[in-house]
Protein chains: 4
Amino acid sequence: MSPRTPEQFEEIRESRREQIMETALKVFASEGYANSSISKLAEAAGISKGLMYNYFNSKEELLKEILEKGMKEILNLTDPDRDGIITPSELDEFIRKTFRIMRRKQEFWILYFNIILQPKVRESLKGTSVLTGTEEYFSMLMKYFESNGFEDPVLEVLTITSMIEGLGVLMLYAYPVMTIPETVLLKFEERVLKMIKQPEHE
Amino acid sequence: MSPRTPEQFEEIRESRREQIMETALKVFASEGYANSSISKLAEAAGISKGLMYNYFNSKEELLKEILEKGMKEILNLTDPDRDGIITPSELDEFIRKTFRIMRRKQEFWILYFNIILQPKVRESLKGTSVLTGTEEYFSMLMKYFESNGFEDPVLEVLTITSMIEGLGVLMLYAYPVMTIPETVLLKFEERVLKMIKQPEHE
Amino acid sequence: MSPRTPEQFEEIRESRREQIMETALKVFASEGYANSSISKLAEAAGISKGLMYNYFNSKEELLKEILEKGMKEILNLTDPDRDGIITPSELDEFIRKTFRIMRRKQEFWILYFNIILQPKVRESLKGTSVLTGTEEYFSMLMKYFESNGFEDPVLEVLTITSMIEGLGVLMLYAYPVMTIPETVLLKFEERVLKMIKQPEHE
Amino acid sequence: MSPRTPEQFEEIRESRREQIMETALKVFASEGYANSSISKLAEAAGISKGLMYNYFNSKEELLKEILEKGMKEILNLTDPDRDGIITPSELDEFIRKTFRIMRRKQEFWILYFNIILQPKVRESLKGTSVLTGTEEYFSMLMKYFESNGFEDPVLEVLTITSMIEGLGVLMLYAYPVMTIPETVLLKFEERVLKMIKQPEHE
DNA sequence: AATGAATGAGCTTTCATTCAT
DNA sequence: TATGAATGAAAGCTCATTCAT
């Protein structure tokens, strides 16, 4: 039993942080940020209230880190080389990946929309990668449409993103009236892809 | 000097209620429901905390009434005869009205999405016209596409509503990076309308 | 239709006051003084909150008047000539009347005990006939036993009054385990009476 | 420096709970339940308002626990083997113990009568040992008189309990007019005892 | 590193009382 | 005389955060 090295400590610490963030995201998404007390979060993570503050300085910091981490993952997936540029050959994959993330990270989206829709709260996120990440995403699309000769790039970005975000919102409150079958989701994705390539339908 | 008549009291009550609901909607939308304390709401309405409870039994009831009123207004506009049926000749106007409402009632939509995205809160709205109203809206579109020979009605509903709701969400967080010009909004609307009529592009 | 005379006005006022006091007593007894809001009391009396203050300056004054009135009625019944003296020939009737009142004015007793058992509240009643009335009652009995050669007057007063008040309390929370039949009540009364006359059983 | 053990925490909790319950009983008894705000109770216990809720979920729960604890102590003393049965040889001691408790636990009795006399409040105590304890007490006496050949057991129970409870009430509002000397109390106790054994005086 | 006792600010809500009409 | 809208103080309660151990 040799004593743990500093690296090992750091590793343990990091995995604890991740575990807390994961369980906290679940609670935030289902109860809402304001209704998720530190007690609840600690219990969900299986640790004590006090220890929470060993890992995060405040509830707000915890929230920010969760949002930043999620946003980073998304950008890493959609723009792996982080050059902020999409080439025509990458576009298809870009859209497909976005849809895949929408489906996989539902909890993150619920939280994201909740926070982003509260102007006063959103302000406190200024400068964090949560907002810059979103801007980056839009900006990548803008550049693509601009540099590929589309007549009205803003309209194209709006079309794409509204369909993506709209789908996100719809999936988030899956009404009994209309649960979306997987096959329809795939067709919907294709429809979006086609739209990008054939703006000449106008 | 003579005491107020019941009619006068009724008048006072009605106008106060409206005033409270209007100012509360603004506060809810900008601060978030949970961050909008009764104190804040009362101050925004220019009255005392205590008086709030003369008009609404609880903060939750106030929320519900605001949501129900907003939803009712929307349905009244989009489906004036309340028969739940859209004819082909009505469809265009239906979509246009929806967009108009999206633009006009931004505060309502912010609140609506915030609430609807919190599963625990949403449950408390079961049975209210907030949820049934949404279902009704979807159902009207479903019936339209079903009875007008569209190959995959769910896909059509999904396309339309995701574009509408997506636009809603995008407008709600009008980023500096991309504020949507009025002209683009109108083109976007036309694009949605065209999409409904020409699903043969598949 | 001749206009009402001042006397008639006074009469109407007085009967209103009585009505308010009667209904308030019922509410106080069943809900407790603190849980009986002015709103409840006004509704029970069939008038508006504001009008309550036309008849009573405060909730506390209303309480005091109810207690004083009740106490006065009791003393009027048990000591009609108000000379504070019981003769041997009057004693029987005195006790019997006390029991009769216990049975008839249960609501009053509930309220009385509730108030009297709260030292801080009781202090605010100092000087009112509620406290002096009780003292007067005890004092009458003391004088009787003193001037009729009883060995230990305090013991006699204690015996009598504890049986009376004990019965009062017991009747007030009529347990399912032991509801007191009328016949037993009468026998109990007789037993009390006998005890007064035959202290020689010691 | 080493963190507290679970045992230490348990110890802290237990002693704090007791401390709170003890001071709360005093305040309840002198101010009345409704007038005893959590602030007052916390101040009396020398702790913060918030901490009260670490130990009791609500003011009502605190009340219940105080009442239940008191009732349990009483039954433990009067019926140590908890068989619900009094033998003739035990009766004397049973009564004496009851009187001793009346004298020692005055604060408890004040609170008890206050609560029990409010029908609405009493209902919330249904099923708790506060009510069942009282029933048990009556029931023990009933069984005793029934199985020992007394002509009218209810009358006997009524006599005993009214004297006991009556004394209780009287002691609770120790009037200046008539404070009860210890010697009289003892004589009174003897009188009650004699009465049980010689119902043939009828 | 880890616990949960402890605090205090702020929340929702109630209610005696006042007041314009 | 009569109403109920309006106020403000104080109630019960929650919770992010701190701290002794």
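Reminder, nothing fancy here: chain letters follow the sequence lines and each chain counts from 1.
Nearest to the side chain of D:S37, among F:dG12, E:dA6, F:dT3, sits F:dG12.
Taking CZ from A:R16 and CG from A:L51, the interatomic distance works out to 6.0 Å, rounded to the nearest 0.5 Å.
Here the side chain of C:K72 pairs no donor or acceptor atom with the backbone of C:S129 at under 3.5 angstrom. Checking side-chain atoms of D:E65 against main-chain N and O of D:L62 turns up no donor-acceptor pair under 3.5 Å. In this structure a side-chain-to-backbone donor-acceptor pair under 3.5 Å is present from D:Q19 to D:A45.
Phosphate contact (OP1/OP2 of F:dA5, side-chain N/O of B:R13, threshold under 4.0 Å): present. Between C:R16 and F:dT1, a side-chain N or O to OP1/OP2 separation shorter than 4.0 Å is absent.
One atom, CZ of C:R17, and another, P of F:dT1, lie 12 Å apart when rounded to the nearest Å. When rounded to the nearest whole Å, the span between CD of D:Q8 and P of E:dA2 equals 18 Å. Rounded to an integer number of Å, the gap from CD1 of C:I38 to P of F:dG4 is 16 Å. A straight line from CD of D:E7 to C1' of F:dT21 spans 14 Å, rounded to a whole angstrom.
Near-neighbour residues of DNA chain F inside residues 18-28 of chain B, defined by a heavy atom below 4.0 Å, are absent. Residues from residues 47-65 of chain C with heavy atoms under 4.0 angstrom of DNA chain F, sorted by number: C:S48, C:K49, C:G50, C:L51, C:N54, C:Y55.
For D:I12 and B:S39, each mapped to the nucleotide of DNA chain E holding its nearest heavy atom, the one lying further toward the 5' end belongs to D:I12. Two residues, D:F9 and D:Y33, neighbour DNA chain F, and the one matched to the more 5' nucleotide by heavy-atom proximity is D:Y33.
The cationic group of B:K59 does not satisfy the cation-pi geometry with B:F28, failing either the under 6.0 Å distance to the six-membered ring centre or the 45° limit from the ring axis. Geometrically, C:K69 does not engage C:F108 in a cation-pi contact, judged by NZ or CZ lying under 6.0 Å from the ring centre and within 45° of the ring axis.
Closest of all the heavy-atom pairs between B:Y55 and B:R17 is O-NH1, 2.8 Å.
Residues C:K40 and C:T23 have side chains not in contact (no heavy-atom distance under 4.5 Å, counting atoms from C-beta outward). The side-chain heavy atoms of D:Y33 and D:N114, taken from C-beta on, include no pair separated by under 4.5 Å. You'll find the side chain of C:K120 stays beyond 4.5 Å of the side chain of D:N35, heavy atoms only.
In DNA chain E, runs of at least 3 stacked Watson-Crick or G-U pairs (N1-N3 plus N6-O4 or O6-N4, or N1-O2 plus O6-N3, all under 3.5 Å) give these stems: E:2-21 with F:2-21.
Residue B:K64 is tested with B:E68, B:E60, B:E61 for a salt bridge (Lys or Arg N to Asp or Glu O under 4.0 Å); the sole match is B:E60.
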